[in-house]
Number of protein chains: 2
Amino acid sequence: MSSPSNPGRGRPPRLDRARTLRTALDLLDRSGLDALTMRRLADAMEVQAGALYRYFATKQDLLTAMAERMMDGVADAAGTCDGDWSEQLAALARAMRTALLAHRDGARVFAGTHSTGENILGFADTAMGVMRAAGFPGDDAARALYTVANFTVGHTLEEQAALQAEDGGPADPDALADTVTAGAYPHLTAGLPALTSTDFTRLFEFGLDLLLEGLRSRR
Amino acid sequence: MSSPSNPGRGRPPRLDRARTLRTALDLLDRSGLDALTMRRLADAMEVQAGALYRYFATKQDLLTAMAERMMDGVADAAGTCDGDWSEQLAALARAMRTALLAHRDGARVFAGTHSTGENILGFADTAMGVMRAAGFPGDDAARALYTVANFTVGHTLEEQAALQAEDGGPADPDALADTVTAGAYPHLTAGLPALTSTDFTRLFEFGLDLLLEGLRSRR
DNA sequence: ACCTGAACACCGTTCAAGT
DNA sequence: ACCTGAACACCGTTCAAGT
């Protein structure tokens with residue numbers, strides 16, 4: 001083991017994974033993913049950039065640990081919900097979206113990493129348990145889990161991108177409306193209210209309901 | 001209009017958007033998104049990096065144009081399919097996945113941009129048209145479109161990440177299997193074959209089918 | 001009009017050397 | 001053992017100056 005510890009001798013370390021992770025998530029919330037650099041994080045910890053590499057092998061490693069931390073407690077959503085299997089699965093998906101939304105660019109951080117920590121594995125195991133208890137075979141449950149998770153990440157990626165769409169930016173709803181009505185897009189024009197709506201919870205619930213309805217009919 | 005043109009006088013330009021875009025997609029396929037830098041692209045075009053900024057305002061702008069180009073022809077999938085509305089919607093989703101898979105890191109490029117070009121708008125309009133013709137109201141069609149698109153992007157993001165998972169990497173299936181069986185994840189263990197399967201087409205079809213089944217029951 | 005050359009203000013990562 | 005200082009090999013972007 002070459003990970004840092006302090007068996008009695010030497011100055012106490014000024015850095016540790018837990019505190020660094022908290023500071024990194026703080027910095028993420030304040031400045032966004034693009035501004036989260038190893039140097040700026042080091043500044044916030046009052047340390048030189050190189051020192052971070054004693055605790056995280058790479059920046060990717062740091063981001064993976066951040067994603068894992070974001071998923072802390074998400075699996076518990078299944079327990080605190082007294083519905084059938086589909087309500088429990090919905091609760092897990094909602095808790096995942098909420099966890100990603102809790103941090104600026106949370107979905108981007110999550111999508112860009114592949115944690116195998118206890119929080120995501122616990123989440124996945126809980127979801128699989130809910131479906132297996134409902135009678136789904138293991139492979140169907142696995143595929144359903146991927147589907148729900150991929151939809152949730154894809155949705156929240158869009159949601160957070162739209163959230164930070166400054167006026168005139170690439171995701172500005174007014175600019176989109178202008179482009180659509182100027183072009184030959186009759187069907188888009190007909191759906192414009194819903195297409196440029198900012199009621200992302202309703203959009204998420206719509207998609208989630210489609211998925212669950214599909215699962216119910218397969219059962 | 002300050003975009004470059006060549007009305008008779010001066011040397012013919014060595015750069016143009018179309019050729020630069022082709023070279024950029026080539027470079028993407030050969031080296032991946034992380035290695036796609038303005039400097040390397042400039043090298044491939046035998047030009048200095050600064051020259052690219054006459055054709056693309058920012059790197060983000062270049063990436064958006066690349067995403068738009070990837071979607072070229074995807075909307076046509078609805079026409080070349082003689083099924084009901086749900087088969088046509090499925091054909092559109094499959095064509096989108098195929099288009100993203102056609103380039104290394106295609107889903108990452110797409111997810112990181114927000115094109116409002118004619119290819120994505122045409123795709124969206126076609127999908128909306130299919131659903132409206134089937135009797136869906138405009139706002140339901142819009143939400144269904146988002147759901148299918150978000151699922152497709154989320155899935156393909158995962159798929160391409162898994163595709164490039166080198167041994168021992170963060171998405172290595174063997175490493176995941178070891179972690180799962182070592183920990184207390186009974187339900188994950190039961191689903192391991194499907195969880196670590198590389199049959200992504202089957203996984204995609206499973207999710208797509210869930211979505212379409214949900215839509216059919218709502219209609 | 002189109003591109004070069006050079007600069008500006010950064011990056012992630014490594015590692016000898018200090019304490 | 002833990003961190004500094006300094007370097008290495010890069011980035012995206014801007015812009016005066018050349019042709």
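In the text below, chain A, chain B and the rest are named by the order of the sequence lines, each starting its count at 1.
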Original post:
Just by distance, with hydrogens left out, do A:His103 and A:Asp29 show a side-chain donor and acceptor under 3.5 Å apart?
Top reply: yes
Original post:
Do you see a donor-acceptor pair shorter than 3.5 Å between the side chains of A:Thr201 and A:Arg97?
Top reply: yes
**OP:** List the steps, then state whether salt bridge (charged side-chain N to carboxylate O under 4.0 Å, His left out) holds for A:Asp16 with A:Arg54.
**Re:** CA-CA 9 Å; A:Asp16 64 271; A:Arg54 189 166 300 273; over 6 Å; no
**OP:** Determine which bases of DNA chain C form Watson-Crick or G-U wobble pairs with both distances under 3.5 Å, and write the result as a 5' to 3' dot-bracket string with | for other-strand partners.
**Re:** ||.|||||...|||||.||
**OP:** State, with a plain yes or no, whether a side-chain heavy atom of B:Met131 is found less than 4.5 Å away from one of B:Leu145.
**Re:** yes
Subject >> Pairing of A:Arg143 and A:Asp139 as salt bridge, 4.0 angstrom limit >> reply: yes
Original post:
Does a salt bridge link B:Asp199 with B:Arg202, judged by any charged N lying under 4.0 Å from a carboxylate O?
Top reply: no
Given [options], identify the nucleotide with an atom nearest to the side chain of [X].
X: A:Ala51; options: C:dC3, D:dT4, D:dT14; answer: D:dT4
X: A:Tyr55; options: D:dC2, C:dT13, C:dC3; answer: D:dC2
X: A:Tyr53; options: D:dC3, C:dT13, C:dC3; answer: C:dT13

Report the distance from atom [atom1] of [X] to atom [atom2] of [N], rounded to the nearest whole Å.
X: B:Gln48; N: D:dA16; atom1: CD; atom2: P; answer: 18 Å
X: A:Leu15; N: D:dC3; atom1: CG; atom2: P; answer: 5 Å
X: A:Arg19; N: D:dC2; atom1: CZ; atom2: C1'; answer: 14 Å
X: A:Lys59; N: D:dC11; atom1: NZ; atom2: P; answer: 15 Å
X: B:Asp61; N: D:dT14; atom1: CG; atom2: P; answer: 12 Å
X: A:Arg54; N: D:dA1; atom1: CZ; atom2: C1'; answer: 7 Å

Original post:
Which of these passes side chain to side chain contact (heavy atoms under 4.5 Å, CB included) with B:Phe206: B:Asp209, B:Leu208, B:Leu210?
Top reply: B:Leu210
**OP:** Could you list the residues that satisfy side-chain hydrogen bond (donor to acceptor under 3.5 Å, both in side chains) with B:Glu118, not counting sequence neighbours?
**Re:** none
Original post:
Quick one, which residues of residues 22-45 of chain A touch DNA chain D with a heavy atom under 4.0 Å?
Top reply: A:Arg39
**OP:** For this output row, return yes or no: ring centroids of B:Phe151 and B:Phe204 closer than 6.0 angstrom.
**Re:** yes
**OP:** May I ask you to verify if any side-chain N or O of A:Arg14 is less than 4.0 angstrom from the OP1 or OP2 atom of D:dT4?
**Re:** yes
**OP:** Using the C1' atoms only, state how far C:dC10 lies from D:dA9, rounded to an integer number of Å.
**Re:** 13 Å
